[in-house]
Structures are given as C-alpha cells and as structure tokens.
Amino acid sequence: MSSDFEGYEQDFAVLTADITSKVARVPRLPPDEKKQMVANVEKQLEEAKELLEQMDLEVREIPPQSRGMYSNRMRSYKQEMGKLETDFKRSRIAYSDEVRNELLGDDGNSSENQLIKLREERAHLLDNTERLERSSRRLEAGYQIAVETEQIGQEMLENLSHDREKIQRARERLRETDANLGKSSRILTGMLRRWPVANIDGQVS
C-alpha cells in the first residue's frame with residue numbers, strides 16, 4: 001500500500017511544481033496566452049485535488065499504529081494545495097485587472113507604470129513563494145527520513161534487548177547445569193570412597 005501512496009506523492013509533487021511555475025507566469029503573459037494558461041492551471045488544480053483524494057483513501061487503509069506519519073504528510077500536502085489555490089486567485093486578479101484596463105483603453109503613463117510595478121511585485125512574491133514551497137518540501141522529506149530512521153533504530157534496540165535476555169537466560173541455565181554436574185560428581189566420589197573394596201583373595205576389607 002505504501003508504494004501506491006508514494007507513487008501518488010511523486011505525481012502530486014511534479015504536478016504542484018508545474019502549477020507553481022505556471023501561476024508565476026500568468027501575470028506576465030500576453031492576453032491570449034494568459035487565458036489559455038489560466039484554463040490549463042484550473043484543470044491541473046482539479047487533477048491535484050483528485051490525487052489528494054486518492055492519497056487520503058490510501059492513508060485510511062493503513063493500520064492505526066503506522067498511520068500517524070502519513071497523516072502528517074497529508075496535512076502538509078493539503079496546506080500546500082490551499083496555498084496554491086490562493087496564489088492562483090491572486091494571479092487571476094492581476095490578469096483580470098490588466099484585461100479590464102486594456103478594454104477601457106487606460107493608456108495613461110501613470111496607470112501603466114503602476115500596473116507594471118504591481119505585476120513585478122506580484123511576480124517577485126510568487127517566485128519567493130515557490131522557493132519557500134520547495135524548501136518546505138525538502139524539510140518535510142528530511143523530517144520523514146529522520147522519523148523513519150528513528151523507528152528503525154528503536155526496532156533494532158528492542159531486538160538487541162530481546163537477544164540479550166535470551167543470552168542471559170542461557171548463561172543462567174548453563175551455570176545451573178555446571179552446579180548440578182559438580183554436585184553429582186561429589187556425590188559419586190563420596191559413594192565410591194564408601195564402597196567396600198575386595199582384596200585379592202576375594203575377601204572384603
């Protein structure tokens with residue numbers, strides 16, 4: 001089951017990275033390309049939601065004792081999805097503002113300069129957001145590796161502890177066996193010493 005979940009994870013990571021890149025480009029594209037790009041991103045966002053639903057179903061089938069790690073990852077992915085949708089809305093607002101100005105014929109230098117400045121600021125913000133998202137995913141992956149490594153270490157320690165107990169019990173049984181053998185040896189020696197010894201003529205001395 002975990003292999004299916006990890007497959008969905010990889011698809012989600014690739015898809016969201018592509019969405020993030022496209023969202024950042026929307027405000028800087030010509031009107032015709034913007035319209036097509038917006039439609040493309042909307043479709044990809046739906047695909048990302050479907051992947052999250054599949055991942056959620058996979059997590060529900062995991063045994064409760066192993067579900068915590070995957071649940072944490074799902075919360076992170078859902079937060080990332082919400083952030084993507086927010087950034088996309090902001091990008092669409094920038095796109096809508098520019099289209100409206102073009103339709104109204106607002107060619108004033110002041111308005112145009114302000115629009116250019118806003119577009120640059122929004123693009124810069126989206127670029128920063130993309131970098132933060134990548135860093136967050138790397139940190140999350142590193143955290144998961146650390147958690148899994150700690151779990152493996154705990155299992156190894158438990159196995160070593162069980163092995164140590166087995167060795168100690170074996171040593172105790174060995175000591176008891178040695179003690180019993182020594183006691184038996186002493187008893188036999190005493191019996192032999194008390195046993196009558198026959199002389200050469202067959203008389204008991």
Side-chain angles (χ1 to χ4, degrees), residues 1-20 44-45 47-86 128-205:
M1 196 291 305
S2 60
S3 60
D4 293 335
F5 183 87
E6 291 170 357
Y8 290 134
E9 274 187 315
Q10 293 176 0
D11 293 341
F12 183 79
V14 172
L15 186 57
T16 52
D18 190 36
I19 292 173
T20 301
Q44 287 184 312
L45 286 172
E47 293 176 2
K49 290 179 182 179
E50 292 177 1
L51 281 174
L52 282 180
E53 291 176 0
Q54 291 294 331
M55 293 161 67
D56 209 5
L57 291 174
E58 293 291 333
V59 170
R60 293 178 186 178
E61 296 180 2
I62 299 176
Q65 62 271 21
S66 305
R67 191 179 300 165
M69 178 177 66
Y70 292 96
S71 297
N72 291 335
R73 286 152 76 169
M74 281 302 303
R75 280 194 293 270
S76 175
Y77 295 142
K78 289 177 181 179
Q79 290 175 357
E80 181 178 357
M81 187 68 195
K83 188 69 171 60
L84 274 178
E85 291 178 328
T86 300
N128 288 337
T129 300
E130 182 180 356
R131 285 195 292 270
L132 287 173
E133 291 294 337
R134 287 198 300 268
S135 298
S136 177
R137 286 194 291 268
R138 286 195 294 268
L139 288 173
E140 180 67 19
Y143 171 75
Q144 297 304 329
I145 292 173
V147 170
E148 293 170 0
T149 302
E150 182 180 1
Q151 291 176 346
I152 293 172
Q154 289 177 347
E155 292 176 358
M156 292 178 63
L157 288 175
E158 291 176 358
N159 292 334
L160 289 173
S161 177
H162 293 323
D163 292 341
R164 181 181 179 184
E165 292 176 359
K166 291 178 181 178
I167 293 172
Q168 288 178 342
R169 287 195 296 268
R171 286 178 176 174
E172 290 174 358
R173 287 195 295 268
L174 182 60
R175 283 195 292 268
E176 291 175 359
T177 302
D178 288 342
N180 291 333
L181 288 174
K183 183 177 179 181
S184 299
S185 178
R186 289 193 297 273
I187 292 173
L188 289 173
T189 301
M191 291 174 64
L192 291 173
R193 287 176 180 175
R194 292 193 298 270
W195 195 264
V197 180
N199 57 23
I200 299 175
D201 297 332
Q203 296 178 348
V204 177
S205 58

Rounded distance [0.5 Å steps], CE in M81 versus CD1 in I19: 6.0 Å
Chi angles and distances behind the side chain to side chain contact (heavy atoms under 4.5 Å, CB included) call for Q54, D4: CA-CA 9 Å; Q54 291 294 331; D4 293 335; over 6 Å; no
Nearest-0.5 Å distance that lies between atom OH in Y8 and atom CG in L15: 14.0 Å
Closest non-hydrogen atom pair, I62 against R67: O-NH2, 2.8 Å
Atom pair CD (E172) and CG (L174), whose distance is rounded to the nearest 0.5 Å: 11.0 Å
Under 3.5 Å side-chain donor-acceptor pair for E58 and Y70: no
Separation of R169 CZ from K166 NZ (nearest 0.5 Å): 7.5 Å
Full working for side chain to side chain contact (heavy atoms under 4.5 Å, CB included) between L51 and E9: CA-CA 8 Å; L51 281 174; E9 274 187 315; over 6 Å; no
L57 side, atom CG; L52 side, atom CG - distance, nearest 0.5 Å: 11.0 Å
Gap separating the CG atom of D11 from the CD atom of E47, nearest 0.5 angstrom: 10.0 Å
Chi angles and distances behind the side chain to side chain contact (heavy atoms under 4.5 Å, CB included) call for E85, K49: CA-CA 11 Å; E85 291 178 328; K49 290 179 182 179; 2.6 Å; yes
Closest heavy-atom pair and its distance - F5, M74: CE1-SD, 3.9 Å
